[in-house]
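This report concerns only the one structure given below.
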Amino acid sequence: YHRVLTAFFRLVNLISKGDIVITQDYGLAAMCLGKKAIVLHQDGKQYTNDNISGLLEFRAIGKKIRQSGGRTKGMPKRTVQQDLDFESVLVELLEGVTS
């Protein structure tokens with residue numbers, strides 16, 4: 001866990017405003033948003049200052065459930081549609097940056 005945090009902090013120190021970060025980790029997404037990066041989930045959903053608080057809260061609730069001995073559902077198998085959605089969002093984002 002310590003190595004993951006170290007990697008996250010190093011990444012955050014390397015990014016600049018407008019850089020694109022792709023992650024499924026809400027904590028990393030929040031730190032990157034703080035640096036004014038553009039942050040995408042691997043499914044193409046964009047993390048924003050408007051939605052990150054709710055996502056972090058959802059993560060905290062899941063952690064409490066697991067710590068109390070409960071179980072949470074894992075991620076379902078990735079679909080072709082998720083790949084297409086991500087590709088579409090990323091291409092649109094990159095075309096906007098380069099034009």
Side-chain angles (χ1 to χ4, degrees):
Y1 182 74
H2 176 70
R3 286 186 176 162
V4 170
L5 285 180
T6 301
F8 284 179
F9 289 131
R10 182 166 176 114
L11 173 66
V12 171
N13 285 330
L14 292 172
I15 64 172
S16 300
K17 180 179 179 179
D19 285 350
I20 299 171
V21 177
I22 301 162
T23 182
Q24 65 181 20
D25 186 275
Y26 300 152
L28 177 59
M31 290 188 285
C32 293
L33 286 172
K35 296 277 298 230
K36 307 289 188 225
I38 299 165
V39 189
L40 298 178
H41 184 271
Q42 66 188 16
D43 293 340
K45 178 177 71 177
Q46 187 167 350
Y47 297 104
T48 66
N49 289 322
D50 294 331
N51 68 14
I52 196 65
S53 294
L55 295 169
L56 289 169
E57 174 111 7
F58 179 74
R59 180 179 78 162
I61 291 168
K63 183 177 180 180
K64 283 183 181 181
I65 291 170
R66 289 187 300 277
Q67 286 178 335
S68 67
R71 297 188 67 165
T72 56
K73 240 178 138 175
M75 295 292 293
K77 186 175 179 179
R78 189 163 178 81
T79 66
V80 172
Q81 187 60 50
Q82 287 171 308
D83 292 339
L84 295 172
D85 291 344
F86 173 76
E87 179 182 2
S88 173
V89 169
L90 184 60
V91 166
E92 184 178 313
L93 183 62
L94 291 173
E95 286 175 346
V97 169
T98 59
S99 54

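Note that the structure is a prediction, hence the values are computed from the model and not measured. Values below: every heavy atom of this structure, side chains too, minus hydrogens, waters and symmetry copies.
- A distance of 13.5 Å separates CG in N13 from CZ in F8, rounded to the nearest 0.5 Å.
- Under the salt bridge (Lys or Arg N to Asp or Glu O under 4.0 Å) criterion, D83 pairs with R78, not counting sequence neighbours.
- Legend: side chain to side chain donor-acceptor pair (under 3.5 Å) pairs involving residues 17-38, not counting sequence neighbours, sorted by first then second residue: Q24-Q42.
- Residues satisfying the side-chain contact (heavy atoms from CB on, under 4.5 Å) criterion with A37, sequence neighbours excluded, are I15, V21, C32, V39.
- With sequence neighbours excluded, the residues that form a side-chain contact (heavy atoms from CB on, under 4.5 Å) with D85 are Q81.
- For T48, the side-chain contact (heavy atoms from CB on, under 4.5 Å) partners at least two apart in sequence or on another chain are Q46, D50, N51.
- Applying the side-chain hydrogen bond (donor to acceptor under 3.5 Å, both in side chains) test to S16 and every residue at least two apart in sequence or in another chain returns nothing.
- D43 contributes atom CG, which lies 7.5 Å from atom OG1 of T79 (distance to the nearest 0.5 angstrom).
- For S68, the side-chain contact (heavy atoms from CB on, under 4.5 Å) test picks out no residue, with sequence neighbours left out.
- Closest non-hydrogen pair, H41 versus F86, comes out as O-CD1, 3.6 Å.
- Other cluster members for V80: L84, joined by side-chain heavy-atom distances under 4.5 Å among Ile, Leu, Val, Met, Phe, Trp and Tyr.
- Here the CG atom belonging to L40 is positioned 5.5 Å from the CG atom belonging to L93, to the nearest 0.5 angstrom.
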